[in-house]
Amino acid sequence: MNEVRTRFAPSPTGYMHIGNLRTALYTYLIAKKQGGKFLLRIEDTDQERYVEGAVDIIYRTLKTVGLNWDEGPDIGGPVGPYIQSERMGIFKQYAVELVEKGAAYYCFCDKERLTELKAVQEASGVSPMYDRHCRNLSKEEVEAKLAEGVPYVIRQKIPLEGTTTFHDELFGDITVENSTLDDQILLKADGMPTYNFANVVDDHLMGITHVVRGNEYLASAPKYNLLYEAFGWDIPKYIHVSPIMKDKHSKLSKRNGDASFEDLVAKGYLSEAIVNYIALLGWAPKGEREIFSLEELKSEFDIEGLSKSPSIFDPLKLKAINGEYIRALTPEKFCELARPYIMQTVKRTDCDLDKIAVLLQNRTEVFTDIPEQVDFIDEMPDYDLALYENKKMKTNRETALDALERSLLVLEGITDWHFDVIHDELFKLIADMGVKNGYILWPVRVAISGKQFTPGGAFEIAEIIGKEDTLSRMKRSIEMLKTR
RNA sequence: GGCCCGUUGGUCAAGCGGCUAAGACACCGCCCUUUCACGGCGGAAACAUGAGUUCGAUUCUCGUACGGGUCACCA
């Protein structure tokens, strides 16, 4: 039974942000690299923060990126249930066991006393900590209160002296003075375990061998060791990963209006590209390659490459990687994915979307870039005649007028309206005139697109919008040049 | 504030006592080219800081600065 078992244990409190997803990814990869099991456990012990539908979001995003779990609430498994609230009974039993072992104790302090205590401590500049009021109640006193039905919690009995050393695979050994550790609550008055307690118990019961979690839990980790020791359990390997930041000062979070995984997908990012990018945020592969599929990451991933410092989410880099993925798509697949975006601005039905898509593939980093790129196909935008002035092409308004008038004559004579024909005829004109390609082609492209930049050049555009539109746009542009 | 953690170009980052300190994105220039993009070539750009240890520190130790985390019957 040396199988690696990891778990992703989110709380159903809403959306799934990028940081969460990355934690899930690393957790998954660590298991899969060794051919181990990846489990999903829902930590819903806080009924107040529970958000309806949050569990579905977790399922959905994990599935779309391909982080398939081997055991979980929906598919079951040998160590279920996998929803923490359904494990309630278990925790009390273990908390009581700890009391019996002298590593925990009942506490009957009510909230009023605790808030007052905290206020006093803060006022006097001491860092707030439970004053261990109930730590030394006699067995009789405890029994009596229990019999009376006084509400209670169970707290961890931290040693008064000495130090505790916790080992993290990434950060190494972390030693803290026990005197700085609070007698934290293990079992709440409502019978639910606190996060810290539930984690230790569940991870043990589920046979978890590697725990991957956010860095924010690093400070509470030493207390875990005390718990494991008291129970006499093996301590899993801990890997605390640093957060993904929005900027130098703040974490990436929904509260700041930052994108969640689903937002990014809606913004035109490919889920494979998102996964690839976040894998790279805080982790570096061995070689110089940085494009990896999930499958490739399974063998490539290594804890060694994880970074200890926080990393800033760079939308530009994500975009670039997304662009790489888009270019790697087969033309058919790209066309299929791009179609809806093209149709946002191209409503006319007389032109070939496939041909448009071909032009777009190398020019698209994010699908949402598309509509704006092809908006001229349905309708010529108003444009500035200054567009005809181009130093490199050696064109200005006068030469453009000349080029357009001559081109128009040529184009009007074409009956077989296809790229090759248009290309050959216009090149014939260029040769006859003995001018640079751009002398003719630049003005033509501007005249029929009205834009400085377009996907494709004059021939492609002319073919796509058709002969009729090409000619009428040319004529209109010629008129504009004449009248001004 | 106490405790814990971190600090290599603008960003992601390689480096694990001796290097002209990789690479990628972004940026700039050139080439290709009927625009843009793609592609190719090249450029600018970094070890927070002070003291040690050492023949030699980006790398090890300590201090300082800056940044982050944590101090809940939230996770």
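Chain naming here is simple, since letters A, B, ... match the order of the sequence lines and numbering starts at 1 in each. Because the structure is a prediction, the values reported are computed rather than measured.
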Rounding to an integer number of Å, can you tell me how far [X] [atom1] sits from [N] [atom2]?
{"X": "A/Asp173", "N": "B/rC4", "atom1": "CG", "atom2": "C1'", "value": "14 Å"}
{"X": "A/Leu281", "N": "B/rC12", "atom1": "CG", "atom2": "P", "value": "8 Å"}
{"X": "A/Phe166", "N": "B/rC5", "atom1": "CZ", "atom2": "C1'", "value": "12 Å"}
{"X": "A/Met88", "N": "B/rC73", "atom1": "CE", "atom2": "P", "value": "18 Å"}
{"X": "A/Lys246", "N": "B/rG10", "atom1": "NZ", "atom2": "P", "value": "21 Å"}
{"X": "A/Phe313", "N": "B/rC12", "atom1": "CZ", "atom2": "C1'", "value": "12 Å"}
{"X": "A/Phe292", "N": "B/rA24", "atom1": "CZ", "atom2": "P", "value": "14 Å"}
{"X": "A/Met16", "N": "B/rA75", "atom1": "CE", "atom2": "P", "value": "19 Å"}

From C-beta outward on [X], which listed nucleotide comes closest to its side chain: [options]?
{"X": "A/Thr180", "options": "B/rC36, B/rC73, B/rC3", "value": "B/rC3"}
{"X": "A/Ala284", "options": "B/rA14, B/rU34, B/rA24", "value": "B/rA14"}
{"X": "A/Lys317", "options": "B/rU34, B/rC25, B/rG6", "value": "B/rC25"}
{"X": "A/Glu288", "options": "B/rU35, B/rG6, B/rG23", "value": "B/rG23"}
{"X": "A/Asn196", "options": "B/rA75, B/rA37, B/rG6", "value": "B/rA75"}

Short side-chain N/O contact from [X] to OP1 or OP2 of [N], under 4.0 Å:
{"X": "A/Lys308", "N": "B/rG6", "result": "yes"}
{"X": "A/Lys394", "N": "B/rU34", "result": "no"}
{"X": "A/Thr194", "N": "B/rA72", "result": "no"}
{"X": "A/Arg213", "N": "B/rA75", "result": "no"}
{"X": "A/Asn362", "N": "B/rA37", "result": "no"}

> Is a salt bridge present between A/Lys319 and A/Asp314, judged by a nitrogen-to-oxygen distance below 4.0 Å?
Replying inline: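 A/Asp314 and A/Lys319: not salt-bridged.
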> How are the rings of A/Phe108 and A/Tyr106 set to each other: parallel, tilted or perpendicular (split at 30° and 60°)?
Replying inline: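 Rings of A/Phe108 and A/Tyr106: parallel, as their planes differ by under 30°.
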> In terms of ring plane angle, is the pair A/Tyr277 and A/Phe313 parallel, tilted or perpendicular, where the classes change at 30° and 60°?
Replying inline: perpendicular
> For A/Lys246, does the NZ atom sit with more than 12 other heavy atoms under 6.0 Å from it, leaving out its own atoms?
Replying inline: yes
> Are there more than 12 heavy atoms of other residues, nucleotides or ligands under 6.0 Å from atom CD of A/Glu389?
Replying inline: yes
Distance, [atom1] atom - from [M] to [N], rounded to whole angstrom:
{"N": "B/rG63", "M": "B/rA21", "atom1": "C1'", "answer": "26 Å"}
{"N": "B/rU70", "M": "B/rU49", "atom1": "P", "answer": "29 Å"}
{"N": "B/rU11", "M": "B/rG67", "atom1": "P", "answer": "15 Å"}
{"N": "B/rU8", "M": "B/rA24", "atom1": "C1'", "answer": "15 Å"}
{"N": "B/rU61", "M": "B/rC25", "atom1": "P", "answer": "35 Å"}
{"N": "B/rU58", "M": "B/rC16", "atom1": "P", "answer": "14 Å"}
{"N": "B/rC60", "M": "B/rG6", "atom1": "P", "answer": "11 Å"}
{"N": "B/rA75", "M": "B/rU64", "atom1": "P", "answer": "36 Å"}

[X] near the nucleic acid: base, sugar-phosphate alone, or nothing, with a heavy-atom cut-off under 4.0 Å?
{"X": "A/Ser449", "result": "nothing"}
{"X": "A/Arg289", "result": "nothing"}
{"X": "A/Gly287", "result": "nothing"}
{"X": "A/Cys107", "result": "nothing"}
{"X": "A/Tyr439", "result": "nothing"}
{"X": "A/Ile185", "result": "base"}
{"X": "A/Ala458", "result": "base"}
{"X": "A/Ala320", "result": "sugar-phosphate"}
{"X": "A/Thr454", "result": "base"}

Paired nucleotide for [N] [Watson-Crick or G-U wobble; both distances under 3.5 Å]:
{"N": "B/rU11", "answer": "B/rA24"}
{"N": "B/rC30", "answer": "B/rG40"}
{"N": "B/rG67", "answer": "B/rC5"}
{"N": "B/rU61", "answer": "B/rA51"}
{"N": "B/rG17", "answer": "none"}
{"N": "B/rU35", "answer": "none"}

> Can you tell if the side chain of A/Leu170 reaches within under 4.5 Å of the side chain of A/Tyr238, non-hydrogen atoms only?
Replying inline: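 Side-chain contact under 4.5 Å: no.
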>> Out of the candidates A/Glu300, A/Glu324, A/Glu296, only one should pair with A/Arg289 under the salt bridge (Lys or Arg N to Asp or Glu O under 4.0 Å) rule; please name it.
In response: A/Glu296
> Between A/Gln373 and A/Leu318, who's closer to the 5' end of RNA chain B by nearest nucleotide?
Replying inline: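 Whichever sits nearer the 5' end wins; that is A/Leu318.
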> If you find the nucleotide of RNA chain B closest to A/Asn199 and the one closest to A/Glu324, which residue's nucleotide is nearer the 5' end?
Replying inline: A/Glu324
>> Counting the benzene-type ring for Trp, do A/Trp283 and A/Phe301 have ring centres under 6.0 Å apart?
In response: yes
>> I'd like to know whether the aromatic ring centres of A/Phe261 and A/Tyr15 sit less than 6.0 Å apart in this structure.
In response: no
> Has the side chain of A/Asn276 got a donor or acceptor atom that lies under 3.5 Å from a matching backbone atom of A/Phe292?
Replying inline: yes
> What about A/Lys392, does its side chain sit under 3.5 Å from the base of B/rU33 through a donor-acceptor pair?
Replying inline: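 Answer yes: a donor N or O sits under 3.5 Å from an acceptor.
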>> Here's a test for you: under side-chain hydrogen bond (donor to acceptor under 3.5 Å, both in side chains), which of A/Glu216, A/Lys308, A/Arg213 qualifies with A/His240?
In response: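 Option passing the side-chain hydrogen bond (donor to acceptor under 3.5 Å, both in side chains) with A/His240: A/Arg213.
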List every contact pair, protein side and nucleotides 62-71 of chain B side both N or O, where the distance is under 3.5 Å.
unit_1 : atom_1 : unit_2   : atom_2 : d
B/rG67 : O3'    : A/His249 : ND1    : 3.1
B/rG68 : OP1    : A/His249 : ND1    : 3.3
B/rC71 : O2'    : A/Pro128 : O      : 3.4

>> Between A/Asp424 and A/Lys428, does the salt bridge (Lys or Arg N to Asp or Glu O under 4.0 Å) criterion hold? Intermediate values first, please.
In response: CA-CA 6 Å; A/Asp424 294 348; A/Lys428 214 179 285 171; over 6 Å; no
